[in-house]
Amino acid sequence: MKSLLFVLLSGFFLLLGATATAKTTSFSEEGPAYDYSASIECKSAPDSPLYNGGVMKNQTLGTRGRRHFKIAMDSPAFTLSNLTGDTIYAFSSWVKISGAYSAAIKATLTTDNTTFACVGTVIARGACWSFLKGGFSLDSPSNYAFIYFQARHNSDDFQMNVSVSSASLQPFTYQQWNANQQHMISTERKRAAILHVSDVDGKRLQGASVAVEQISRDFPFGSAIAETILGNLPYQNWFVERFNAAVFENELKWAATEPRQGEVNYTIPNQMLEFARRNQITVRGHNIFWEDPKYTPPWVRNLPVPELKTAVSSRIQSLVSHYKNEFVHWDVNNEMLHWDFYEQRLGPNASLDFFLTVQGSDPLARLFMNDFNVLETCDDTKSTVDHYVSRLQEFGAAGVVMDGIGLEGHFSAPNPALIRAVLDKLALLDLPIWLTEVDISKIFDQEMQAKYLEVVLREGFSHPSVNGIMLWSALHPKGCYQMCLTDNNLKNLPAGVVVDALLKEWQTSAIKGKSDDHGAFGFIGFHGQYHVAVSYGNRTAHTTLSLSRGDETKHQNIQL
């Protein structure tokens, strides 16, 4: 009879094997494996289509699935028939233009009952091929559908030719999509461990009682907090029971810490940080500057350029030196893809100078770009994934070495295929990716908010390149910014029910058993810290075990 250890590890290594070949093999039962490959390069020739073209493989022309059409014709690039409902479609293609050096291209979809304004975007060039990746979901079947490619340009008489190559459309049922998520969670968020039980002379102890309990999580999952948490013990207890990370909603922003010039006061954020330290909660620094003039302190907006330079220098020196080594990240210049107050006043390198100065002042903190509508939609021309990539590469070339990717995540109805596709492209930068301000618009009722929140959180947690998730749900007497997890009595609302259920799902349940004839006890657990208790006869040992990311099985010796 196979031991429990053998069964556990056999299943675990089968999962590991599937990970290594996920781009070339398929699940035999659950359906096709999602292909996480992407490109942010502009290539001399397009790669082959993902999934061998999927349902498009019989509708494209040429050996590489190439098809050419003219933007001004308003004709569809692809005509599709009999698309199924309850299906997520992953779409991708390679795009090249002529008639311009570069242009933003977006793909749109029209079916017999709905229109998707954007199912993917790319910055296309004339000298090489660029990769567009996105997708859409259909809740009901469609007899026909058309995919269009549109150029975004300011000139009314702008004309160009667009070449599309290696297009692919791969359907996934909801069950198949979820199976891919669970597969990635099992391989990327868990690790196998073997406990070796012996006496002090090294003799194996068969039949020792082993109890394993997870006591903390490695994956940072948290929420915004506000001044309202101070002195509110029930709210504090509720927060600490769930979250291991936090971000201050407004209390660290310039308008809060220096509402009038020269009157700097860090009392409130200091107290909030003390709460976090006391409870071993990781905190993000949000934010040093905010490019939106609406959220720039009024006294700052009206400063002449020389005085503004002095003010921003003082802000960095004061804030960053006061909190040096306290925050895991700094959101240096918030929403700089959408706004440019400081660039307009101080020149085009203002944001870069901010990053470089902060990097020198707090060298161990990750410096994050943070913006909205990167994950939420591809229809915002200011914050497409390629624009985000371009700005990060620009900073990297100028010497900013400690940067990270902050994706706010203020969603209306989330598009899971687009979320995953954007993360696939950003992952190629090999930088930490965090979902920093996740919520669902209050245009939806609470039940729909909860449904959509679960979609977003499952996409984030299952993607191997996401390093942390923060909700934007700080509780105030009159509610929350868009989405609350509880009412003012800390009773769960539907979104809170979802969060609690996922936290339970993503934590290892208590494990009990006995060591085998080799004195070994194996299990698979989510990354984090574990308390281990082992008993044999009248002897008992207690120890801790840490499971972090790694392909190798974690081994730990325990002596009694």
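Values below: every heavy atom of this structure, side chains too, minus hydrogens, waters and symmetry copies.
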Problem set entry | Residues in salt bridge (charged side-chain N to carboxylate O under 4.0 Å, His left out) contact with Glu41, at least two apart in sequence or another chain | none

Exercise. Side-chain contact, heavy-atom cut-off 4.5 Å: Tyr388 with Leu337?
Worked result: yes

Problem set entry | More than 12 heavy atoms from other groups under 6.0 Å of OH on Tyr295 | no

Exercise. Can the ring centroids of Phe355 and Phe395 be said to lie less than 6.0 angstrom from one another?
Worked result: yes

For this session: Not counting sequence neighbours, which residues clear ring-ring contact (aromatic ring centres under 6.0 Å, His included) with Trp339? List them please.
Result: none

For this session: Using ring-ring contact (aromatic ring centres under 6.0 Å, His included) as the criterion, list what pairs up with Phe116, not counting sequence neighbours.
Result: Phe136

For this session: State whether the side chain of Glu376 and the backbone N or O of Val374 hold a donor-acceptor pair below 3.5 Å, judged by distance alone.
Result: yes

Problem set entry | Qualifying residues under side-chain contact (heavy atoms from CB on, under 4.5 Å), relative to Ser412, sequence neighbours excluded | Phe444

Exercise. Pick one: which of Val389, Thr384, Val385 meets side-chain contact (heavy atoms from CB on, under 4.5 Å) with His387?
Worked result: Thr384

For this session: Sort out for me which residue in Val247, Val456, Leu457 forms a side-chain contact (heavy atoms from CB on, under 4.5 Å) with Leu471.
Result: Leu457

For this session: Indicate the ring-plane relationship of Trp254 and Tyr342, choosing parallel, tilted or perpendicular according to the 30° and 60° boundaries.
Result: parallel

For this session: In sequence, state the C-alpha distance, the side-chain angles, and the governing distance for Asn333 and Glu291, and then conclude on side-chain hydrogen bond (donor to acceptor under 3.5 Å, both in side chains).
Result: CA-CA 6 Å; Asn333 196 14; Glu291 280 286 358; 2.6 Å; yes

Problem set entry | Partner residues of His476 under the ring-ring contact (aromatic ring centres under 6.0 Å, His included) criterion, sequence neighbours left out | none

Exercise. Can any side-chain N or O of Ser168 pair as donor or acceptor with the backbone N or O of Leu50 at less than 3.5 Å?
Worked result: yes

Exercise. Using the ring of each side chain (for Trp, its six-membered ring), is Tyr36 parallel, tilted or perpendicular to His463, with breaks at 30° and 60°?
Worked result: perpendicular

Exercise. Looking at Asn113, Thr115, Thr114, which hits side-chain hydrogen bond (donor to acceptor under 3.5 Å, both in side chains) with Thr111?
Worked result: Asn113

Problem set entry | Worked verdict on Asn370 versus Glu437 for side-chain hydrogen bond (donor to acceptor under 3.5 Å, both in side chains) | CA-CA 9 Å; Asn370 192 55; Glu437 304 180 16; 3.0 Å; yes

Problem set entry | Ion pair check, Arg458 and Glu454, cut-off under 4.0 Å | yes

Exercise. Given side chains that start at C-beta, do those of Leu132 and Trp94 come closer than 4.5 Å, heavy atoms only?
Worked result: no

For this session: Determine, step by step, whether His338 and Phe372 satisfy the ring pair (Phe, Tyr, Trp, His ring centres under 6.0 Å) criterion, reporting the C-alpha distance in whole Å, the side-chain angles of both residues, the deciding distance to 0.1 Å, and the verdict.
Result: CA-CA 9 Å; His338 284 90; Phe372 62 93; 3.7 Å; yes

Exercise. Are any of the side-chain heavy atoms of Phe131 and Val122 separated by less than 4.5 Å?
Worked result: no

Seminar exercise, completed: Residue set satisfying side-chain contact (heavy atoms from CB on, under 4.5 Å) with Arg345, at least two apart, ordered chain then number -> Val305, Leu308, Phe341

Problem set entry | Residues Asn287, Asp331; criterion side-chain hydrogen bond (donor to acceptor under 3.5 Å, both in side chains); working and verdict | CA-CA 5 Å; Asn287 54 54; Asp331 289 335; 6.0 Å; no

Exercise. Heavy-atom count around Lys43 NZ within 6.0 Å, excluding the residue itself: above 12?
Worked result: yes

For this session: Test side-chain hydrogen bond (donor to acceptor under 3.5 Å, both in side chains) on Asn492 and Thr486 and set out the steps.
Result: CA-CA 4 Å; Asn492 268 347; Thr486 73; 6.0 Å; no

Exercise. Could you go step by step and tell me if Phe368 and His329 meet the ring pair (Phe, Tyr, Trp, His ring centres under 6.0 Å) rule?
Worked result: CA-CA 7 Å; Phe368 268 58; His329 308 152; 4.0 Å; yes

Problem set entry | His527 and Trp506 aromatic centres sub-6.0 Å | no

Exercise. Is it true that atom CG of Asp445 has more than 12 heavy atoms of other residues, nucleotides or ligands lying nearer than 6.0 Å?
Worked result: yes

Exercise. Could Arg189 and Phe461 be counted as a cation-pi pair, given that NZ or CZ must be under 6.0 Å from the ring centre and within 45° of the axis?
Worked result: yes

Exercise. Which class fits the ring pair Trp330 and Phe327: parallel under 30°, tilted 30 to 60°, perpendicular over 60°?
Worked result: perpendicular

Problem set entry | Given Asp371, Leu423, Ile419, the one that forms side-chain contact (heavy atoms from CB on, under 4.5 Å) with Leu407 | Leu423

